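All of these numbers come straight from a predicted model, not from anything done at the bench.
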Amino acid sequence: MFSNVQLRLQFLILLWGFTGVFGKLITLSALPIVWYRTGVAALAIFLYLHLKGVKINISQSQLLQFLGIGFIIALHWFTFYWSIKVSNVSVALSTLSMGALFTSFLEPLFFRRKIDFQEVIIAIVVSACVMIIFRASPQYALGIGLGILCSFLSALFSVLNAKAQKGSNPINITLIEMLGGFICINLLMIFVQPKSFVEVFSVDWINFGWLILLGVVFTAFAQIEMVALLKHVSPYTLLLNVNLEPVYGIILAYLIFGQSEQMSSIFYVATGVMIFAIVINSLIKRKRNSKKGHSVLDNKLK
């Protein structure tokens with residue numbers, strides 16, 4: 001039997017799996033999608049904090065830090081949705097697993113620890129799988145390239161968040177980061193693609209409905225639920241389950257969009273190997289850390 005916490009955790013990962021589907025459901029280009037996602041999420045989180053009576057208390061140095069991280073998150077989402085637009089949901093989600101490669105080098109750089117040989121091996125396996133996917137789907141070369149850039153940005157903001165957020169309220173942090181992302185997207189639209197504002201302010205009601213859902217339920221609510229779940233599970237358990245996001249997303253995309261999301265058998269084998277390698281790596285790390293006495297066990301999930 002699944003506990004209430006386990007069900008909530010899987011529901012959260014399912015919500016994140018849907019974010020890729022929205023990239024195809026919404027007919028706007030990538031920049032306007034992220035404009036709405038960051039803007040709506042920031043507004044929703046601000047209203048939530050206001051109703052809860054939570055004060056936004058953050059220093060000027062932290063404000064600048066989290067605004068900067070918000071820029072990276074916005075670029076991550078931009079490249080993610082751009083990847084979907086030029087390929088499909090399955091390709092964009094599969095390349096997210098490349099984050100393991102980038103994290104294995106970024107963490108030692110930012111936290112001044114030695115490179116973990118095991119992480120490098122896993123990263124090589126994941127990279128090899130991405131190369132196989134590339135060779136099996138050369139028509140999606142641009143989408144794969146954007147997906148790899150997206151995974152690097154994901155690893156970068158995750159590491160920066162882990163380094164900067166100590167002692168801060170996670171929901172406050174998310175609000176500032178969403179504001180930073182919103183500012184970033186507006187700057188991109190002003191200086192790189194001004195025509196995107198036409199899409200933003202001429203959006204039809206169907207797209208507007210999808211965008212509100214994406215911003216409120218699948219971004220703001222998902223973040224608040226994640227913070228609530230971290231009171232019951234360790235960050236390790238959360239991150240281990242996040243590896244299921246591409247699985248959920250690819251299955252959902254195939255069920256919703258059908259043939260346009262169907263890939264070769266080699267694609268699915270390579271994606272499966274990537275996810276399996278990351279999960280095995282996480283399990284080995286947990287066992288290793290447990291022996292050293294540094295891990296936090298999730299007794300509440302038993």
Side-chain angles (χ1 to χ4, degrees), residues 12 15-16 19 30-31 33-46 48-49 54-83 92 95-96 98-113 146-192 214-216 218-230 235-236 238-239 242 245:
L12 175 63
L15 288 181
W16 284 337
T19 58
L31 276 175
I33 291 176
V34 184
W35 189 91
Y36 273 103
R37 185 174 186 182
T38 53
V40 170
L43 179 60
I45 294 171
F46 174 78
Y48 172 82
L49 292 173
V54 178
K55 293 183 179 179
I56 303 170
N57 187 16
I58 196 165
S59 68
Q60 186 175 355
S61 61
Q62 286 180 314
L63 177 65
L64 294 174
Q65 276 184 315
F66 294 126
L67 284 174
I69 293 173
F71 271 55
I72 299 172
I73 293 173
L75 293 173
H76 159 69
W77 284 343
F78 170 52
T79 52
F80 177 62
Y81 288 120
W82 189 5
S83 175
T95 51
L96 279 179
M98 279 288 288
L101 168 65
F102 299 118
T103 303
S104 67
F105 292 103
L106 288 174
E107 275 194 359
L109 180 64
F110 282 95
F111 291 97
R112 296 182 180 180
R113 65 167 176 81
L146 288 168
I148 292 171
L149 176 57
C150 167
S151 69
F152 168 75
L153 293 169
S154 173
L156 180 59
F157 82 70
S158 296
V159 172
L160 289 174
N161 252 339
K163 188 176 178 65
Q165 70 177 352
K166 294 178 181 178
S168 302
N169 185 317
I171 301 181
N172 282 347
I173 291 172
T174 304
L175 172 61
I176 302 302
E177 289 177 347
M178 290 302 99
L179 287 173
F182 187 67
I183 294 169
C184 173
I185 292 301
N186 275 278
L187 291 174
L188 279 176
M189 291 169 66
I190 291 169
F191 294 107
V192 179
L214 175 62
V216 175
F218 295 86
T219 305
F221 169 77
Q223 175 63 25
I224 293 168
E225 176 67 356
M226 182 193 73
V227 173
L229 279 171
L230 284 172
Y236 162 80
L238 179 66
L239 292 173
V242 165
E245 181 186 346

> Under a 4.5 Å cut-off applied to non-hydrogen side-chain atoms, are V54 and I171 in contact?
Replying inline: no
> Where do L153 and H76 come nearest, in terms of heavy atoms and distance?
Replying inline: CD1-N, 3.7 Å
>> Do I56 and F46 make a side-chain contact, defined as non-hydrogen atoms from C-beta onward lying under 4.5 Å apart?
In response: yes
>> In this structure, is the centre-to-centre distance between the rings of F182 and W35 below 6.0 Å?
In response: yes
> How about I69 and L160: do any of their side-chain heavy atoms sit closer than 4.5 Å?
Replying inline: yes
> Does N172 reach the side chain of L49, with side-chain heavy atoms less than 4.5 Å apart?
Replying inline: yes
> Between I45 and A220, which heavy-atom pair has the shortest distance, and what is it?
Replying inline: CG1-CB, 3.8 Å
> So, does T219 use its side chain to make a donor-acceptor pair with the main chain of V216 at under 3.5 Å?
Replying inline: no
>> Ignoring hydrogens, what is the shortest heavy-atom contact between E177 and F66? Give both atom names and the distance.
In response: CG-O, 3.4 Å
> Do side-chain atoms of T79 reach the backbone of L75 as a donor and acceptor pair under 3.5 angstrom?
Replying inline: yes
> At their closest point, which heavy atom of A92 faces which heavy atom of F80, and how far apart are they?
Replying inline: CB-CE1, 3.9 Å
>> If the test is side chain to side chain contact (heavy atoms under 4.5 Å, CB included), which one of I185, L187, N186 qualifies with I183?
In response: L187
> Which pair of non-hydrogen atoms, one from L15 and one from F218, has the smallest distance, and what is that distance?
Replying inline: O-CD2, 3.2 Å
> What do you reckon, is CH2 of W82 surrounded by more than 12 foreign heavy atoms closer than 6.0 Å?
Replying inline: no
> T38 and M178: which non-hydrogen atoms are nearest, and at how many Å?
Replying inline: CB-O, 3.7 Å
> Hey, what do you get for CG (L146) to OG (S151), rounding to the nearest 0.5 Å?
Replying inline: 11.0 Å
> Considering only heavy atoms from C-beta outward, does the side chain of Y81 approach that of V34 to under 4.5 Å?
Replying inline: yes
